[in-house]
Amino acid sequence: QVQLVGSGGGLVQAGGSLRLSCAASGRSFNSYTMGWFRQAPGKEREIVGAISTSGAVTQYADSVKARFAISRDNAENTVYLQMNSLKPEDTAVYYCAAKPYGTVSDTSAGTYLYWGRGSQVTVSA
């Protein structure tokens with residue numbers, strides 16, 4: 001089992017940057033594909049992106065491509081979401097998630113078994 005603790009959310013002006021972190025406890029962190037999701041008020045949870053077990057492969061939603069970057073440090077059991085050029089429409093609660101099976105290309109939230117509590121990101125205009 002994996003426990004995920006997210007951190008790094010906050011308030012930022014449009015055009016600014018934030019980095020979210022997600023620390024995992026438990027064994028075999030490097031065997032989990034990690035994903036980032038977000039949920040804005042009144043909207044469904046959506047995939048932001050995902051990273052493979054080794055970190056060699058990443059995939060992003062079109063809405064964040066070229067602005068966001070996911071990385072991981074398997075030695076530190078941590079995955080990161082670097083968010084640049086933030087827009088008001090990026091305002092949401094951001095969640096990290098882990099799955100022991102499947103690839104980054106399967107973006108369904110239902111494939112992820114473990115979830116962090118979420119971090120609020122608010123981008124002001």
Side-chain angles (χ1 to χ4, degrees):
Q1 190 170 357
V2 175
Q3 291 184 325
L4 303 174
V5 179
S7 62
L11 173 64
V12 65
Q13 288 187 330
S17 298
L18 278 176
R19 189 176 81 156
L20 303 183
S21 300
C22 178
S25 62
R27 296 184 295 179
S28 303
F29 172 74
N30 59 3
S31 67
Y32 290 85
T33 294
M34 299 298 297
W36 285 97
F37 291 78
R38 66 185 182 186
Q39 187 166 18
K43 295 188 177 182
E44 292 188 355
R45 191 170 297 190
E46 64 175 4
I47 185 79
V48 174
I51 187 166
S52 64
T53 54
S54 68
V57 181
T58 53
Q59 184 158 336
Y60 300 93
D62 288 343
S63 59
V64 306
K65 212 171 282 185
R67 298 189 298 122
F68 290 12
I70 299 174
S71 61
R72 66 190 295 165
D73 184 338
N74 284 341
E76 296 294 329
N77 284 9
T78 303
V79 63
Y80 302 97
L81 176 65
Q82 177 68 43
M83 303 182 291
N84 300 323
S85 301
L86 282 160
K87 304 175 181 179
E89 51 263 43
D90 294 318
T91 294
V93 177
Y94 284 71
Y95 300 88
C96 60
K99 59 180 178 180
Y101 309 106
T103 66
V104 299
S105 59
D106 187 347
T107 59
S108 170
T111 65
Y112 286 82
L113 292 184
Y114 306 108
W115 291 81
R117 283 191 176 183
S119 297
Q120 176 68 48
V121 172
T122 303
V123 184
S124 62

Residue pair [X] / [Y]: nearest heavy atoms and the distance that separates them:
X: Ala40; Y: Ala92; result: N-CB, 3.8 Å
X: Ala50; Y: Tyr112; result: CB-OH, 3.5 Å
X: Ser63; Y: Arg38; result: OG-NH2, 3.4 Å
X: Asn84; Y: Ser17; result: OD1-OG, 3.0 Å
X: Ala14; Y: Pro88; result: CB-CD, 4.1 Å

Once you round to the nearest 0.5 Å, how far does [atom1] of [X] lie from [atom2] of [Y]?
X: Tyr32; Y: Lys99; atom1: OH; atom2: NZ; result: 13.5 Å
X: Arg72; Y: Cys96; atom1: CZ; atom2: SG; result: 11.0 Å
X: Ser71; Y: Met34; atom1: OG; atom2: CE; result: 11.5 Å
X: Leu18; Y: Met83; atom1: CG; atom2: CE; result: 4.5 Å

Output yes when a side-chain donor or acceptor of Arg67 lies under 3.5 Å from a complementary backbone atom of Ser85, and no otherwise.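 Answer holds: yes.
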[X] and [Y]: same hydrophobic cluster, using ILVMFWY side-chain contacts below 4.5 Å?
X: Leu81; Y: Leu86; result: yes
X: Val48; Y: Val57; result: no
X: Ile47; Y: Val93; result: yes
X: Tyr114; Y: Phe37; result: no

Kindly state each residue pair satisfying side chain to side chain donor-acceptor pair (under 3.5 Å) with at least one member in residues 50-62, sequence neighbours excluded.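 Residue pairs passing side chain to side chain donor-acceptor pair (under 3.5 Å), neighbours aside: Asp62-Lys65.
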CD (Gln82) with more than 12 external heavy atoms under 6.0 Å: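 Enclosed.
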Evaluate whether atom CD of Glu89 has more than 12 neighbouring non-hydrogen atoms of other residues, nucleotides or ligands under 6.0 angstrom away.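 More than 12 within 6.0 Å, yes.
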Side chain to side chain contact (heavy atoms under 4.5 Å, CB included) partner of Leu20, the single match among Tyr80, Tyr95, Trp36: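 In the set Tyr80, Tyr95, Trp36, the residue that makes a side chain to side chain contact (heavy atoms under 4.5 Å, CB included) with Leu20 is Trp36.
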Exactly one of Asn77, Leu4, Thr78 should register a side chain to side chain contact (heavy atoms under 4.5 Å, CB included) with Cys22. Which one does?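 Filter result, single survivor: Leu4.
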Does Gln120 form a side-chain contact (heavy atoms from CB on, under 4.5 Å) with Leu11? I'd like the steps, not just the answer. CA-CA 8 Å; Gln120 176 68 48; Leu11 173 64; over 6 Å; no
For residues 103-110, dump all side-chain donor-acceptor pairs below 3.5 Å to protein atoms at least two apart in sequence or in another chain.
from	atom 1	to	atom 2	distance (Å)
Thr103	OG1	Ser105	N	3.4
Thr103	OG1	Ser105	OG	2.7
Asp106	OD1	Ser108	N	3.3
Ser108	OG	Gly110	N	3.2

What orientation do Tyr94 and Phe68 show, parallel under 30°, tilted 30 to 60°, or perpendicular over 60°?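 Geometry flag for Phe68 against Tyr94: tilted rings.
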